Amino acid sequence: MTAETLTVGKARNPVRASGLRHLLTPAAILIALAALYTWVGTLELDSIEQRSLNRSVIIAKTVEHLQMTVVATTLVVIIAIPLGIVASRSKNRLVTPLILTAGNLGQAVPCIGLLVLATFVLGVGFQTALVGLVAYAVLPVLRNTMVGLQQIDPALIEAARGMGMTKGQILRRVELKLAVPAILAGLRTALVLTVGVATLGAFVAAGGLGELIINGLKLNRLPVTIVGGVLTACIAFFIDWLGGLAESLLKPRGM
């Protein structure tokens with residue numbers, strides 16, 4: 001066996017191990033869903049439980065939950081990344097504390113409190129839930145964007161400037177590309193937080209799997225609560241898994 005063969009074998013092993021590791025999460029999710037389906041199928045459901053645990057209701061609530069998560073995360077990206085870029089600039093030292101304070105408000109104030117306050121202004125519904133979700137999830141993306149940009153080696157920026165790049169080109173082609181791992185890590189955290197907090201949307205008539213959990217608790221129907229909780233957890237794990245894949249695929253080579 002040649003040294004070259006050994007080198008190729010060693011190079012392939014980490015790739016294979018990484019691929020297997022990426023398959024563990026979806027496999028565990030499928031096992032959990034199969035176990036949940038089997039368990040519910042063995043129960044003698046009363047009329048209330050049957051109304052809550054039929055296929056059309058579960059699909060509708062899951063879709064509502066995903067809609068809240070996707071729309072809220074899109075708004076977080078639109079808001080947090082530009083603010084993180086502004087706050088990362090040394091010339092904006094006076095503005096940075098104000099941006100961080102605004103970002104911290106969502107974490108400092110309980111989400112249910114934000115929803116109650118938003119209800120007085122917007123009433124109940126989807127838009128009210130978005131206010132609470134966006135406020136709660138902005139900070140991780142904002143912070144990680146700042147940290148990712150501030151940790152870039154100044155020599156790389158000087159080299160790009162020496163090549164004749166404008167500030168905008170340096171930001172797009174150098175800084176943001178190098179900050180991608182940090183930004184994606186913050187976005188991954190924000191997504192998982194949003195999935196969990198979206199259950200509170202049920203309190204403002206925004207729908208989602210939170211309705212199953214709350215109805216199960218109010219009506220003392222344990223199967224309904226468990227189904228809502230397990231489905232929410234599975235969505236959170238699945239989205240975290242997708243975030244991990246995105247980090248692996250979008251990370252600049254050599255990092």
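Computed from a predicted model, the values in this text were never measured in an experiment. Keep in mind that the numbers below use all heavy atoms, side chains included, and drop hydrogens, waters and symmetry copies.
- Annotation for Phe126: atom CZ counts as buried by contact number, over 12 foreign heavy atoms lying within 6.0 Å.
- At least one side-chain heavy atom of Val230 sits less than 4.5 Å from a side-chain heavy atom of Cys234.
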Practice item. Decide yes or no on side chain to side chain contact (heavy atoms under 4.5 Å, CB included) for Ile29 and Trp241, but give the supporting numbers first. Key: CA-CA 10 Å; Ile29 291 171; Trp241 174 72; 5.6 Å; no
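- Thr232 pairs with exactly one of Leu209, Val227, Leu212 by the side chain to side chain contact (heavy atoms under 4.5 Å, CB included) rule, that one being Leu209.
- With a 4.5 Å cut-off on side-chain heavy atoms, Ile85 and Leu176 count as touching.
- Cluster membership check: Val141 does not share its hydrophobic cluster with Val70, using side-chain heavy-atom separations under 4.5 Å among Ile, Leu, Val, Met, Phe, Trp and Tyr.
- Here Leu217 contributes atom CG and Leu222 contributes atom CG; the two are 9.0 Å apart, rounded to the nearest 0.5 Å.
- In this structure, Gln50 contributes its side chain and Leu45 its backbone to a donor-acceptor pair below 3.5 Å.
- Put simply, CG on Leu36 and CD1 on Ile31 are 13.5 Å apart, with the number rounded to the nearest 0.5 Å.
- Counting heavy atoms from C-beta outward, Leu139 and Asn104 have side chains that approach closer than 4.5 Å.
- Other residues, nucleotides and ligands contribute more than 12 heavy atoms inside 6.0 Å of the CG atom of Leu249.
- Note on Leu43 and Val57: same hydrophobic cluster, where clusters join Ile, Leu, Val, Met, Phe, Trp and Tyr whose side-chain heavy atoms are under 4.5 Å apart, directly or indirectly.
- Residues Pro140 and Leu193 approach most closely at CG-CD1, 4.0 Å, considering heavy atoms.
- Not a single donor-acceptor pair under 3.5 Å links the side chain of Thr199 to the backbone N or O of Gly210.
- In this structure, the side chain to side chain contact (heavy atoms under 4.5 Å, CB included) partners of Leu83, at least two apart in sequence or on a different chain, are Ile79, Ile99, Leu142.
- The shortest heavy-atom contact between Leu133 and Ala198 is CD2-N, 3.5 Å.
- Under the rule for a salt bridge (Lys or Arg N to Asp or Glu O under 4.0 Å), the partners of Arg221 that lie at least two apart in sequence or sit in another chain are Asp46.
- When the side-chain hydrogen bond (donor to acceptor under 3.5 Å, both in side chains) test is applied to Glu49, no partner is found at least two apart in sequence or on another chain.
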Exercise for review: Show your working on side chain to side chain contact (heavy atoms under 4.5 Å, CB included) between Leu115 and Leu200 and close with a plain yes or no.
Suggested key: CA-CA 8 Å; Leu115 291 176; Leu200 299 178; 3.8 Å; yes
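- Using modelled atom types, no side-chain atom of Asn144 and backbone atom of Ala185 make a donor-acceptor pair closer than 3.5 Å.
- The hydrophobic clustering, which links ILVMFWY residues whose side-chain heavy atoms are closer than 4.5 Å, places Leu105 and Leu100 apart.
- The salt bridge (charged side-chain N to carboxylate O under 4.0 Å, His left out) analysis of residues 229-244, with sequence neighbours excluded, yields the pairs Arg188-Asp240.
- Nearest approach of Glu211 to Ala202, heavy atoms of both residues: N-CB, 3.5 Å.
- For the atom pair CG (Leu66) and OG1 (Thr73), the distance works out to 10.5 Å, reported to the nearest 0.5 Å.
- The minimum heavy-atom distance linking Ile81 with Thr145 is given by the pair O-CG2, 3.7 Å.
- Contact of the Leu149 side chain with the Leu178 side chain is not registered, since no non-hydrogen atoms from C-beta on lie closer than 4.5 Å.
- For the pair Met68 and Ala129, the tightest heavy-atom approach, listed with the atom from each and the gap, is SD-CB, 3.9 Å.
- Hydrophobic clustering (ILVMFWY, side-chain heavy atoms < 4.5 Å, transitive): Ile213 and Ile235 are in distinct clusters.
- Hydrophobic cluster membership differs between Trp39 and Tyr37, with clusters built from Ile, Leu, Val, Met, Phe, Trp and Tyr side chains linked at under 4.5 angstrom.
- For Arg173, there are no salt bridge (Lys or Arg N to Asp or Glu O under 4.0 Å) partners, not counting sequence neighbours.
- A distance of 10.0 Å separates OG1 of Thr69 from CG of Leu130, quoted to the nearest 0.5 Å.
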Practice item. Take Leu231 and Lys61 through the side chain to side chain contact (heavy atoms under 4.5 Å, CB included) test and state the conclusion after the steps. Key: CA-CA 10 Å; Leu231 289 177; Lys61 296 307 171 187; over 6 Å; no
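- Among residues two or more places apart in sequence or in another chain, the side chain to side chain contact (heavy atoms under 4.5 Å, CB included) test is passed with Val116 by Phe120.
- Closest of all the heavy-atom pairs between Ala160 and Val174 is CB-CG2, 4.0 Å.
- Contact of the Leu171 side chain with the Arg89 side chain is registered, since non-hydrogen atoms from C-beta on lie closer than 4.5 Å.
- Rounded to the nearest 0.5 angstrom, Asn220 CG and Thr225 OG1 are separated by 8.5 Å.
- How far CD of Glu158 is from CG of Asp153: 10.0 Å, rounded to the nearest 0.5 Å.
- A 4.5 Å side-chain heavy-atom check between Thr194 and Val134 finds every atom pair outside the cut-off.
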